[in-house]
Structure formats: structure tokens, C-alpha cells
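A short write-up of the structure that comes next.
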Amino acid sequence: MYEEREGSINLGEYLRIVLRGRWIILISFLLVLGTTTYFTYKMEPLYQASTTVMIEDKGRLEQYAFGLSGLMNAATMIANQVEVLKSRTLAERVMYKLAASPYRDNLEILSEFTETGKPISYESKLSVLRKSIAVEPIIDTDIIVIKVNANSSFESAYLANVLANEYYSMSLEFSREEFGEVRKFLETQLDSIRMKLAVSEEELKEYKLTHKLVALDAETVKLVEQTAMFRAHLNEAEAELGEQQQVMENLKSKLAETKSNLVDDIQNISSPLVLELQNAIAERQALIANLIAKSSPGYELVIKDIEREIDEAKRTLMEETHKIAISGMTSIDPLKTSQDLFDKILQADINIKSLEARRSALLKVVEAYEIQLDAIPEKNLEIVRLMRQAELNEKIFLLRSQKYEESRIAEAGKTANVRILDPAIPPQKPIKPNKELNIMLAIFFGLGLGIAISFVIELMDSSIRTVEDLEKLGINILGTIPTIDPEEIAKRMKKRGQKLSLEDRERINSKMITNFSPKSPVSESFRSLRTNILFANIDKPVKTLVISSSATKEGKSTTVANLAITMAQTGSRVLIIDGDLRRPTMHNFFNLDRQIGLTNALMGTYTLDEVIKPTGVDNLDLITAGDIPPNPSELLSSKAMRKALSILSTRYDLILIDSPPVIAVTDAAVLSTRTDAVLLVVSSGYVSRHEVLRAIQLLSNVHANLLGMLLNGLDVKRIYGSYYYYYHYYQYYYYYGSKGKGRKSRREVVEALEDTPPKNLKVSEGA
């Protein structure tokens, strides 16, 4: 039960804080919502279009086909492509493409000036383009999503498509780069061979014309043709070897950036099977050369079979080299090596060794034929030489032309490893600003900020505002006095076509409300206070009571006057003593002269009977302060004061003493030692907990009997769920009606009060 009650109290406390800070919450809410809405609708919309591309790694397809393990992580390959898409090179290609497009005048990315007229540099445009590109690979796939942001729907889609197309084109150029280099090399060789062929043919023609066409025997002609043919094959082998060496040099340059020793590592890979395969390839190359030299019937078919065996041996050699590389027996790090680059280097190395073996075999055959040619008679040597050179150049030219056409076909057939799956389409809605989301977040943030500020203010506010705040101090609460706002009541009644009379206004504003308006909620509160004081100690009733406060302007003097009237209304004889000898105010409440009062009686210039003055209220008398003494504390602590209180206690049922604030001077503490009890008045929201605790400590130091506290100026409208509101509302139902002409019904005033609980005006000190 206790835990449940504590939880409800805490919840009520939180609701009270929220209710108290409702204006802060409302202002924060409107400010955040208004600011967010303004900037949201003023913000330039941002659109995002996306296109999807797939990376096709042909090297990995070959791995799966041959059952080989990959040397490069797929994630690394995708990461490389992501960086390519973000690269400056690709961005520059896109900018060039945009500048040449028919939509260049409509693209904001190509604007030459800002809105303020400031020129935009090329670097700035390039930077904006690169920042607008977002590349997101899809996990566990070879697919990449390219997103491009722009200020218009068309431009975002157009930029995304141009970027994807240029990425495809660049990938295609990279994939054809190797074949392109071979083709360029062959073009250079063809031009040179064509010139040599033309020169050799012209020399042979000239020689024949000059020497009247010297004829050669058939055996010599055949020897010349065979020598030229083998020399052409040798030249072709050397040319292919040069091509492969050029490819190897290009691959070495690509590896130079990573300072890799991959080429040397691959060339040094060795095992019994590798050496056996290399020897087998060399032997078959030599066998091909011998078959060509013999030119036996059907030798072309045999050569084709041997070439197939060589290709099979090369494939087996690549597989074996792969296995050795990934087994850890070499210094090659598979994780840091590109699969495609590894295969190219390995293939180039195998081709170079194979071509070197072919060149060696063909060189031996050519040398043998050269020896035979040297045996030809001297008179025929020149025409043999010219015929051989012409035949050689012709065969080399034919072979090189065939090779050139093959390289062109291979280059044209080479495709990019990129496929565009989904081209970008113009988006329907912008991604920024998200108006609905921004406004929703502004609503929650504005309310949250307002509530947070309210709680921070509450935590920083150490003032006493409610009964619960006083209860935390462990002091008995004898009563609460509510506030009344006549202006708010008048405003609500005016909306109903009614008017608050001057008489009602005077009764509400009156500090002597218990006398002029005994049915008011404030009067009822004083009656509750009176009851609590009377029943505070039934066995030993309080005869003399000091009423004080911790600070000034807390309503202690008004409390004294109204409490005394309430006590007197029960038929008890009550005396008020104005013990505030520094700033006396009690005489103002009853329109009496301050002179000839307490100080005069204590100094012996007047008797007690002479200083007691009737107030005009039945059963209520008053002793004013009298002349202001220079030493109030000494006068109040004198034997004369003790004796006066003793005498007066026999004449009156209750003596109420108005004293100065406890913290300001010691008068209240002094008086508390001469009386039965002390009532401490605390003004809601006016003093801090520290001040109240200080006042309690000062009274405790002199062993004063602190009867309890009175919470004055309580704004019940701010106490969410509090029983005070219902209690005072119930009291209003019986109040606010004038006698005589112009009397308003109680219901009319109650309806006005029902809409607006009382606030602002609290029973406070006089001037």
C-alpha cells in the first residue's frame, strides 16, 4: 500500500510540474514547430535517383569451372569497384559527358554562377558532383546500387544514368587495354614489314631485269622457299615472344605501385610436375619445328594434335601453379593478389617459356637450311638471297596480317565486366525535406524540450510552493490559504453578460476577508486553521501564540488579523499584540492610532488597560506597537513583557502576537520563549526551502514550541489532482453574492470561478 501511494504521489508531482510549466511547454512547442515548418517549406527539395549495376568477375567463373580457389576476396573486388565509382577520373568523364549533352543548359550542376552571381569553378562543380554520389554494395551479392542526389527529379536520374554508362565504358576500356596494346604493337610491325616487303620485291624485280631473269633449278628454289618459310616461322615466334614480353612488362608496371614481387615469385614456382610439364611443352614445340622441316604428307594434322597437347599441358601447368600458390609453399599472398592479374602473369610466363622453346627449335632448323644455302654456287647466291628475302618478307607479312586480324577480333569481342541492371528513373518525391517527418519530429521535440525545461526549472527552483513541499521538511501543516483573482472572475462573468459589482470586488480584495466576507473560501480556510490550532493540543490549550514568517511580505500580519477575527467569531475573547516593533502594521487593519501601545506599557508610561483598544469586532481587542524603540529585542525579552503576557492571559482566551520575520531579527525567537507556541507563515513560491529550514533552526535553537506552519497564497490551479482545488471549489459555491439591488445568483459567480480557479492575488502584507 505504501509503495502504491508513493507512486501516485510521484505521478501527481510530475503532472503538477507539467501543469505549472504549461506556458513554457506551449511556447517551446510553437517555437520549434514554427521554426521547423518555416525552414522545411523554405528548403530546396533534394531528389535521389538510383541505378543498379552488377560486377561480373570472369576470373571467378573460371575458378568454379576448374575447381580452383580464388586468390582475391570477393568483398575486396567489390570494394575496389566502389572506389572506382567514387574516383575523380570517373567524375571528370561524367562532367565531360554532361558538358556535351543536349541538356547541359538545364543542368544545375553545370551552372556557371551562384544565386548571388559568384562564379563557380570547375573544381567546385566536380566536388559537388562527387559529394552527390553514394555507392552502396548489396551484401552477399556482386550488385552495387549507385545513388545520385540533385535538386530536380530529371537531373538526379540523368546524372545517375550518365555515371553508370561512363562506368561501363571505362570498364570496357580497361578490359580491352591488353588486346589494344597487342594490336598497336602489331600495327607498328606490319608497317615496317610492308615497307621491307616492297623493297625486297623491288630489288628482286630489278635484279631479274638487269640479269635477264637468271633461272634456278627446282631444288634450289624449294630450298629457298623452305628457308624463307622457316625463317618466317622463326620471325613469327620471335614476334609473339616480343608481344608476350611486352604484356609481361605492362603487368610489371601495374604491380609497381604495390611494390610486389609477384612476377619473380611466379617465375620461381617449381615442383617436379611443373618442371615435367615445362619440358613436355618444350619437346612438343621442337617436334612441331621438325615436322614443319620434313613437310611429310598430313603433317598439318599432326601439328594440330600436338598443339592441342601443348594447350592441355599449359592448362595443367596453370592448375598446378595455382595449387602451389594457394598452398603457402611460396611467398605469394593470395589475399593481397588479384585473381585476374595472377592469371595473366602466369599465362604470360607460360607463353614466354613455350615460345622460347619454339624459337630455339626453329632456330636450329633455320641454321641447317642456312648451311645448305651457303653451299649454292657463288654465281647464284645473289638471286637466291633476293628471292629468300622477298619470300621471307611475304610470309612474315601474311602471318603478321593474320595475327593482326585475330587481335582485332579478340579486342572487339572483349566485353566489360559490368552490366547495368536497372537504369535510373526520375523519382516521384524528394528525399529532403521530408515534411511529414520533420513536422512530426518538431512536435515531439518541441513538447519534449518544453517539458525538459519545465523539469530543469523545477529542479533549480528550491521555493516552497505546495503542502507536499512543506511535508518533506517534516513539519506539521496547520492550514493553507488560497489566492483569489478578482480580475479573472470579472472577465469570466463579463463573457456571460454579467458584471462584478464594486461591493463584490471590495469584499474579494479586502485583507479583512473573514470580517467582510465570512462565507468566502479564504474565510473558510482561516476557520480550518482555527480548528487545527484549537485541537493541536487538547490537554494543554494554546493561550499565547506568536505568528511569524521566515521573510518579509509573506502575509503574517494579515494572517494574525483574520485568524483573530475567526477566533472572536466563536465567542472567545481574543487579543492581538503588535509585536513587530520595527515595522508595525496591525493598526492599519483596524484604522487605529499606533501611538500609545505596547512599548508605552512596557516602559511604564501607560497601564495595560490604557493601551488596550477595541477593534470594532466583537470579542476582539488590539494593543498597537506604540512608539518605535531603539532596542526592540531587549524590550521584548524584558520581565515587563513576561509580566504583561501573564496578566493578559488571565483576561483573554487567546493572545495572538504579530512578530518580525525570524531570519531578519531575533525578535520572533525572543517572543517564542515567552509564549506557548509559534505559528510560522510560509508564502507559496516566495521563499526557498533553505530559508524555511533556517527559520526552523533558529526557533529550535531557543527551544521554541513550533506548533506548525501555514501555507499562504496557495494557487490551487497549479496543483494538479489536489484535493485543495475541489475543496475550495466547493466553498465558492456558497460565496460571491451581494445583498440588495443588483444581487447576482451564486450559480453565476460559481460558473465564472469554475472556468478559472483563483490565482495571482494572495493574502499579503500591508504597505
Side-chain angles (χ1 to χ4, degrees), residues 46-91 93-94 127-150 153 155-175 254 257-258 260 262 322 325-326 328 332-344 414-434 436-437 441:
L46 184 66
Y47 293 85
Q48 184 179 83
S50 61
T51 180
T52 307
V53 299
M54 183 173 69
I55 310 301
E56 297 178 326
D57 188 2
K58 296 179 174 58
R60 279 194 289 165
L61 294 176
E62 293 172 0
Q63 295 163 22
Y64 300 145
F66 293 111
L68 302 176
S69 300
L71 294 182
M72 184 179 70
N73 194 333
T76 304
M77 186 266 293
I78 295 296
N80 292 341
Q81 298 303 315
V82 169
E83 293 304 316
V84 171
L85 284 164
K86 294 179 179 179
S87 66
R88 177 187 175 90
T89 301
L90 182 59
R93 291 173 64 114
V94 172
S127 176
V128 170
L129 175 62
R130 296 182 69 184
K131 289 179 180 178
S132 67
I133 299 171
V135 184
E136 298 178 359
I138 299 177
I139 299 175
D140 297 331
T141 69
D142 292 336
I143 296 175
I144 299 176
V145 179
I146 306 170
K147 298 179 179 179
V148 181
N149 298 333
S153 177
E155 185 169 347
S156 63
Y158 186 70
L159 290 179
N161 287 327
V162 171
L163 178 66
N165 291 332
E166 285 303 305
Y167 174 57
Y168 175 85
S169 299
M170 191 164 71
S171 177
L172 182 60
E173 291 174 10
F174 286 164
S175 64
K254 290 182 179 179
E257 296 180 358
T258 59
S260 174
L262 181 62
H322 269 292
I326 65 176
I332 299 174
D333 187 354
L335 296 179
K336 295 183 178 179
T337 305
S338 166
Q339 172 69 49
D340 186 55
L341 194 58
F342 180 87
D343 287 345
K344 287 180 179 179
K414 190 67 176 178
T415 59
N417 65 338
V418 174
R419 183 186 299 176
I420 300 176
L421 298 180
D422 293 322
I425 58 175
Q428 298 297 321
K429 295 193 304 182
I431 58 170
K432 292 181 181 179
N434 190 333
E436 294 81 4
L437 179 61
L441 291 176

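With a 4.5 Å cut-off on side-chain heavy atoms, S132 and V148 count as touching. Taking 4.5 Å as the limit, every side-chain heavy atom of E136 sits out of range of all side-chain heavy atoms of S50. Proximity of K86 to I133: side-chain heavy atoms (C-beta onward) are nowhere separated by under 4.5 Å. Counting heavy atoms from C-beta on, the side chains of V135 and I144 come closer than 4.5 Å. Side chains of M170 and V84 form a contact here, defined as non-hydrogen atoms less than 4.5 Å apart.
Shortest non-hydrogen contact noted between A424 and A49 is CB-CB, 4.1 Å. Of all heavy-atom pairs between I78 and P137, the closest is CG2-CB, 3.7 Å. Looking at every heavy atom in both residues, S169 comes nearest to R93 through CB-NH2, 3.7 Å. Across all non-hydrogen atoms, the minimal contact from A91 to R130 is CB-CG, 3.7 Å. Taking every heavy atom of both residues into account, S171 and V418 meet most closely at OG-CG2, 3.5 Å. The two atoms that bring L159 and A150 nearest to each other are CD1-CB, 4.4 Å, heavy atoms only.
Other residues, nucleotides and ligands contribute more than 12 heavy atoms inside 6.0 Å of the CG atom of L437.
If you take CD1 on I146 and CG on L163, they are separated by 5.0 Å, rounding to the nearest 0.5 Å. One finds the OH atom of Y47 at 14.5 Å from the NZ atom of K432 (value rounded to the nearest 0.5 Å). Here T52 contributes atom OG1 and L421 contributes atom CG; the two are 6.5 Å apart, rounded to the nearest 0.5 Å. Within the model, atoms CG of N80 and CG of L85 stand 11.5 Å from one another, a figure rounded to the nearest 0.5 Å. Note that OG1 of T141 is 10.0 Å distant from CD1 of I55, once rounded to the nearest 0.5 Å. Distance check: L129 CG to L90 CG gives 8.5 Å after rounding to the nearest 0.5 Å.
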> What's the verdict on side-chain contact (heavy atoms from CB on, under 4.5 Å) for I431 and N149, showing C-alpha distance, side-chain angles and the deciding distance?
Replying inline: CA-CA 9 Å; I431 58 170; N149 298 333; 3.9 Å; yes
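For the residue pair Y167 / Q81, a side-chain donor-acceptor distance below 3.5 Å is found, with atom types taken as modelled.
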